[in-house]
J.: 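Got a structure for you, questions after.
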Amino acid sequence: MPTVSVMLFAGLREIVGQREIDVTLPEGATVDALRDRIGEDYPMTRAVLPTVVCAVGEEYVSGDEALREGDRVALIPPVSGGR
């Protein structure tokens, strides 16, 4: 079972209380499965997770991207600008 490092930003980081977490997933798990798992482990993130942009390494990926051992996943919530 692969373990991935997940970097959390903005509101997700505040909800979880950590900048980075390690998550172990079943073989063949995707980014969507990772989101589901984080939602189970940290229920307060469920409102934000559907809106996050995901990157593996330094490339943006879709929810069906398969994850591998050692991947570094960034979950980036939408950011609103303003004055």
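All values reported here derive from a predicted model rather than from experimental measurement.
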J.: Through direct or indirect side-chain contacts below 4.5 angstrom among Ile, Leu, Val, Met, Phe, Trp and Tyr, which residues connect to F9?
T.: M7, V53, Y60, I76
J.: Tell me the closest heavy-atom pair linking T51 and P78, and the distance in Å.
T.: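 Heavy atoms of T51 and P78 come nearest at OG1-CD, 3.4 Å.
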J.: Report, one line per pair, each donor and acceptor closer than 3.5 Å where one atom sits in a side chain of residues 42-49; sequence neighbours left out.
T.:
from : atom 1 : to  : atom 2 : distance (Å)
T45  : OG1    : Y42 : O      : 2.6
R46  : NE     : G39 : O      : 3.0
R46  : NH2    : G39 : O      : 3.4

J.: When rounded to the nearest 0.5 angstrom, what distance separates CG in L8 from CD1 in I38?
T.: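 CD1 of I38 is found 6.0 Å from CG of L8.
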J.: Residues two or more places apart in sequence or in another chain: which of them pass side-chain hydrogen bond (donor to acceptor under 3.5 Å, both in side chains) with D41?
T.: R37
J.: What are the two closest non-hydrogen atoms of P77 and G11, and how far apart are they?
T.: CG-N, 4.4 Å
J.: Tell me, which pairs form a salt bridge (charged side-chain N to carboxylate O under 4.0 Å, His left out) where one or both residues lie in residues 52-73, sequence neighbours left out?
T.: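 Found E20-R72.
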J.: Pairs of donor and acceptor atoms involving the side chains of residues 22-29, under 3.5 Å and at least two apart or interchain, shall be tabulated with distances.
T.:
from : atom 1 : to : atom 2 : distance (Å)
D22  : OD1    : S5 : OG     : 3.0
T24  : OG1    : T3 : OG1    : 2.8

J.: Can you name the residues that form a side chain to side chain contact (heavy atoms under 4.5 Å, CB included) with D32, not counting sequence neighbours?
T.: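 Expected list: T30, R35.
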J.: Heavy atoms only: give me the nearest C54-V31 pair and the separation to one decimal.
T.: SG-CG1, 3.4 Å
